[in-house]
Asker: 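Just dropping this structure here.
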Number of protein chains: 4
Amino acid sequence: MSHNTFGHLFRVTTFGESHGVALGCVVDGCPPGLALEAEEIQAELDRRKPGQSRFTTQRREPDQVKILSGVFADDRTGGRQLTTGTPIALMIENTDQRSKDYSEIRDSYRPGHADYAYDAKYGIRDYRGGGRSSARETAARVAAGAIARKVLPGVTIRAALVQMGPHAVDRANWDWDEVGRNPFFCPDAKAAALYETYLDEIRKDGSSIGAVIEVVAEGVPVGLGAPVYGKLDADLAAAMMSINAVKGVEIGDGFASAALRGEDNADEMRASNDGRPSFLANHAGGVLGGISTGQPVVVRFAVKPTSSILTPRRTVTRDNRDVDLITKGRHDPCVGIRAVPVAEAMMACVLADHYLRHRGQVGEPVRGA
Amino acid sequence: MSHNTFGHLFRVTTFGESHGVALGCVVDGCPPGLALEAEEIQAELDRRKPGQSRFTTQRREPDQVKILSGVFADDRTGGRQLTTGTPIALMIENTDQRSKDYSEIRDSYRPGHADYAYDAKYGIRDYRGGGRSSARETAARVAAGAIARKVLPGVTIRAALVQMGPHAVDRANWDWDEVGRNPFFCPDAKAAALYETYLDEIRKDGSSIGAVIEVVAEGVPVGLGAPVYGKLDADLAAAMMSINAVKGVEIGDGFASAALRGEDNADEMRASNDGRPSFLANHAGGVLGGISTGQPVVVRFAVKPTSSILTPRRTVTRDNRDVDLITKGRHDPCVGIRAVPVAEAMMACVLADHYLRHRGQVGEPVRGA
Amino acid sequence: MSHNTFGHLFRVTTFGESHGVALGCVVDGCPPGLALEAEEIQAELDRRKPGQSRFTTQRREPDQVKILSGVFADDRTGGRQLTTGTPIALMIENTDQRSKDYSEIRDSYRPGHADYAYDAKYGIRDYRGGGRSSARETAARVAAGAIARKVLPGVTIRAALVQMGPHAVDRANWDWDEVGRNPFFCPDAKAAALYETYLDEIRKDGSSIGAVIEVVAEGVPVGLGAPVYGKLDADLAAAMMSINAVKGVEIGDGFASAALRGEDNADEMRASNDGRPSFLANHAGGVLGGISTGQPVVVRFAVKPTSSILTPRRTVTRDNRDVDLITKGRHDPCVGIRAVPVAEAMMACVLADHYLRHRGQVGEPVRGA
Amino acid sequence: MSHNTFGHLFRVTTFGESHGVALGCVVDGCPPGLALEAEEIQAELDRRKPGQSRFTTQRREPDQVKILSGVFADDRTGGRQLTTGTPIALMIENTDQRSKDYSEIRDSYRPGHADYAYDAKYGIRDYRGGGRSSARETAARVAAGAIARKVLPGVTIRAALVQMGPHAVDRANWDWDEVGRNPFFCPDAKAAALYETYLDEIRKDGSSIGAVIEVVAEGVPVGLGAPVYGKLDADLAAAMMSINAVKGVEIGDGFASAALRGEDNADEMRASNDGRPSFLANHAGGVLGGISTGQPVVVRFAVKPTSSILTPRRTVTRDNRDVDLITKGRHDPCVGIRAVPVAEAMMACVLADHYLRHRGQVGEPVRGA
């Protein structure tokens, strides 16, 4: 991961600020010949789009994606638009650049926000809507993720919100279909109902709350990951930690494994008919020694509460004066909600990259070779 | 992070298997003119060295490091050996390559270990002592970390074991000096006493146990980290997750921040005399928006229990037969203990890399420019 | 250099096809605080723009550049637009996507062109106007180069066409001002007059011709370049060779140095008042051991003749049939001409990248550190 | 290319100084399962070894290579030693570190040598034998190249010296077998005889002379290379330019193509029975649009004369005083000779890397997927 690019063979470079002209990404290294229409990318973006319920920011952006390059359709391919192996540039124009008064965050640093850090590093910052540090950048990731999914046939990637504030879901109630039915991407209908009440209170208080997201990839090929510094889990950890407001990442049993004894943590195996071991448990979360085992890859991460809140907090100004700051504006009371599709996208991008890397190092001889 | 290299400007490439001829690393991009003696690196290695108490593997390796390149001493520098800006290669020869019987792990996959994943990926694996997947590789990291520390004047990096199995330390008892006095790198003398009894039992049971390590860097310059895919915390997450047996990483409050409200999570600030904000809390763990704030950088990670245990576990052989496996040999009952100096090394390497990258992008004009 | 990105700290990723929606680039790692207006980039693009004389392609593209991100202006900076340290995305929309008949190059491979290679590699190719292999991609490089120049205060980068076909310029007539006065970027007025007649003949014949370009950077700081695989001259060689149709690159005396004896090749030095050696010659072209010496950096490269010509050539179709091909359309009779501003841009980008890398490894301590 | 590493999937990191403890390399990303013995690497090293004739340096180094990691032999593989997919570290210990008097080059800068540039960049330099800037580093490349060849079944890579000083070989006399019969790697027996006399004179004069080397790869798969900044020819240009003393690189017709007309430069094609075009010429040197065409890849590069000569040259000291310098010691009168095996190694490494990258992006689905 290097400044604004991640991945080695499937490489994604994103650009754009919250209130700039446009944001987007360049996806480099995508294999040729994959069918790709803007509508498919749009469908993923729509899941992340703000303003879909009262529980996310009321900023209204259509988030309409445009493919600028890297695809081609002609009659030989039956008019289907295919990737060509060249870089795929995607652009989302910013339309809701409300000319509001930013004087407060222009001159003061929101506690818990990147304001101070950006100013200290760069000496300048586009403060409008958080600029580059805004979660709006994640729209570009979701767009890239829609392409990454196509590189991975047979792999299913799904994410869900599994904890809001102190309230975790009941895994006995887990239903993936439920995720699409509530505004929280919550897999437990009962918990979703609770979240509705709970988050309304948080909103009324002008406060915000943290969350935990779980993302699961099924059908992942055995062998992805490159020890020891290109481990699949290390790359996943970086990918998730790079999402705005994330403060912790775990694979499989994660922090709980610290309390386990060796015999409880071992994912035992039995022989199976397909010649591969059949695992009897998945404490490892599908990754051993940094390499995928063929079991579901399971990642969880914690999102801190939005730092832009209505409760006054003590802070300082750019010119080093004490102030008390209230952040008005349209903010997500639980920014973890919209991190769910972002998590899927990051999982897809990391897996696509490792799939191509794996094929590079150990694949079958190529055509023409 | 790419296969066996990590870092961009301060780059570390490690090599070597547990029972091969030698292991080591090449440190590329180290600034010139830093005094460096093998003894200094050795001192760090000795902290990680196996066989120092009954609580770590009884393998006896002197782990003697040799500097092969990248340093130079002549009379003009008063005979002091200095780095020259060229790659510093370090080598540790393996001396205790006991010719033991590896037939069991040669043909069977230890549950919870990388055995199966390596075979599935590469079709071949040096099974002796775990080969490349052995924690022995971390000796090379510790050696690299000793150099990284020199790149960071004024930065103090310390780590400690803060939880073993279910037993966490009492933070009220925290004493950094205590870390060096017990074989667990534990900062709480009372907890250390408990760990002694507890781990003896684990050992007697032929079992193993997980742990949590915390690493803290103080005196970190403001501004390190490169959003959005070279975030300091994302790189730290990858670095820690790349350590053997690590299953979770968190920064600052980490997973606990999921349960926090915005007003509780905000690290409030007040003006200070030196012109920089003075923080009133450090929930963020010293990183906001992926950039260091000047506060202590605080990272914690969970280590799962060693998978090589004496309790028989169900598994399969390479040729897909069911077996029950007991792993004899010299294994750490709590591999988390020796992860403590490794954690410091990884923190040092990541900070050194980001320090050089930061200087590259926003530094003062260079001499000769 | 990796697929569509080059540079380490000053990184440029380009995208776009000749007849796609748009082309452009993302410039990542640019230092913050540099004044940057679209007009400045436009001025460079206008030098490369097609259709400015009868000696370049008659395709008419305004090549209007738009800055999508990475800059910010507010009243605190007196309304001046400054770089912010975040990625700068530039876009040039394609307007002249003439709906012409591409059936010939769609089905047949132009000899000497990338047509066959792309099809063989990717199995698909956007054949319209050459797609990604079109020199149109270099517009994005010129745009990036305009930004790179700002990273290098005090450095002057100029290029000129020094040979067309068999006709070299007379170095005794060299006048940098002349470069802007003729349509060939030729520094020798007499040669320029000759080129006019010569190229008219080539055009009338429906043929094309090769050229040699020289690019010179003056005021380059001492010390840029990172031996041994990040040598300044190695990176320059890759950068120039990556320009369309380039077949050879040389630094300083280049191939002529093969015929030199040691005493003739040595760039002797004398002491100077500023404490640095004064060089008495520059056979080395400003680079020794891969590191800049402070002398002018001198690079030359050869451009082959455009492969799209009106003379029929023997070739094959996609389905492996023999055909004779004539390439109609609007092509540069000497594609080397428009390579001149591209050469300057590549020189600027490579120097900017090495400047930042150098500052990273050996610079002064940064503010806040 | 980044400091001391090159390649993306087949990555080579070299280390070591001329008179340090050891030099070597780490080869990362080599596919598993390739038979590899130290003897095979040694055979390549012996071709480059100094002191084999009176025409190369009289330094006597056995250049004995040791494999430190990345290979494994057990009875299951019939005792054959195979690569395992983990990093292969190679070490060559320096044995002839003659404790001579280096005071002259310690304090004075050899004109045409990297002495001044290193001091200006790093402020310190291991001056013994040229330190890191010595061509001795290329031994590590030759070792890595021996491994790279194994990644490329069916590819033949050969190089030859085709010009010494003003004397080019006669291509009518070209005989690859002759290359191994004379101390110049010259493919023309007549020219080799001339070189013997010519170089004896140069030596007697205490002078040195430049050369041109040509390297040819046959059997290269179609499709290697990744436009537009990972072009095969761009990477080859960087690879060759990174070799000590190289000042120019060309592909196919190279600089001669500047004087060609389009119809003469076109490599015409005819249909062939194997479904692929049959080329009627190879002006392009096997690369079009940065992608291999299946024709032989042909690269030439110019090597300047050794800068260490016995003729006194004007220069300055570290403390800025004028001196006249004679460089005694054991130097190659034509450093181009020993660049021949190095050229083959670099070609092999670049092709191996692009082969793996190509397989990654467009290869067949992998086992286990």
Side-chain angles (χ1 to χ4, degrees), chain B residues 2 5 7-11 13 26-34 69-70 83-87 151-155 219-230 274-277 289-294 351-369, chain C residues 2 7-11 13 26-34 69-70 83-87 151-155 219-230 274-277 289-295 351-369:
Chain B
S2 166
T5 298
H8 285 250
L9 287 192
F10 187 89
R11 295 165 72 82
T13 301
V26 182
V27 176
D28 193 9
C30 183
L34 305 174
S69 66
T83 60
T84 60
T86 63
V151 177
L152 299 160
V155 178
V220 175
V222 184
L224 306 196
V228 297
Y229 302 117
D274 69 357
R276 289 195 194 157
I291 300 171
S292 64
T293 60
L351 290 177
D353 185 39
H354 275 282
Y355 177 74
L356 300 187
R357 291 171 67 180
H358 179 60
R359 184 160 69 178
Q361 197 182 3
V362 309
E364 296 300 313
V366 289
R367 66 163 184 249
Chain C
S2 166
H8 286 250
L9 286 193
F10 186 89
R11 295 165 71 84
T13 301
V26 181
V27 177
D28 193 10
C30 182
L34 304 175
S69 67
T83 60
T84 59
T86 63
V151 177
L152 299 161
V155 177
V220 175
V222 184
L224 306 196
V228 297
Y229 302 118
D274 70 356
R276 288 194 195 158
I291 300 171
S292 64
T293 60
Q295 292 218 83
L351 290 177
D353 184 39
H354 275 283
Y355 178 74
L356 300 187
R357 291 170 67 179
H358 179 61
R359 184 159 71 177
Q361 196 182 4
V362 310
E364 298 300 313
V366 289
R367 67 167 182 245

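Just so we're on the same page: letters track the sequence lines, and every chain starts at 1.
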Asker: From B/Arg359 CZ over to C/Glu364 CD, what is the distance, rounded to the nearest 0.5 angstrom?
Answerer: 8.0 Å
Asker: I need the residue from C/Gly154, C/Gly223, C/Cys30 with the largest number of non-hydrogen atom pairs under 4.5 Å to chain B.
Answerer: C/Cys30
Asker: Taking all non-hydrogen atoms of both residues, which atom of C/Leu9 and which atom of B/Gly360 are closest, and how far apart?
Answerer: CD1-CA, 4.0 Å
Asker: How close do B/Gln361 and C/Gly85 get, heavy atom to heavy atom, and via which atoms?
Answerer: NE2-O, 3.3 Å
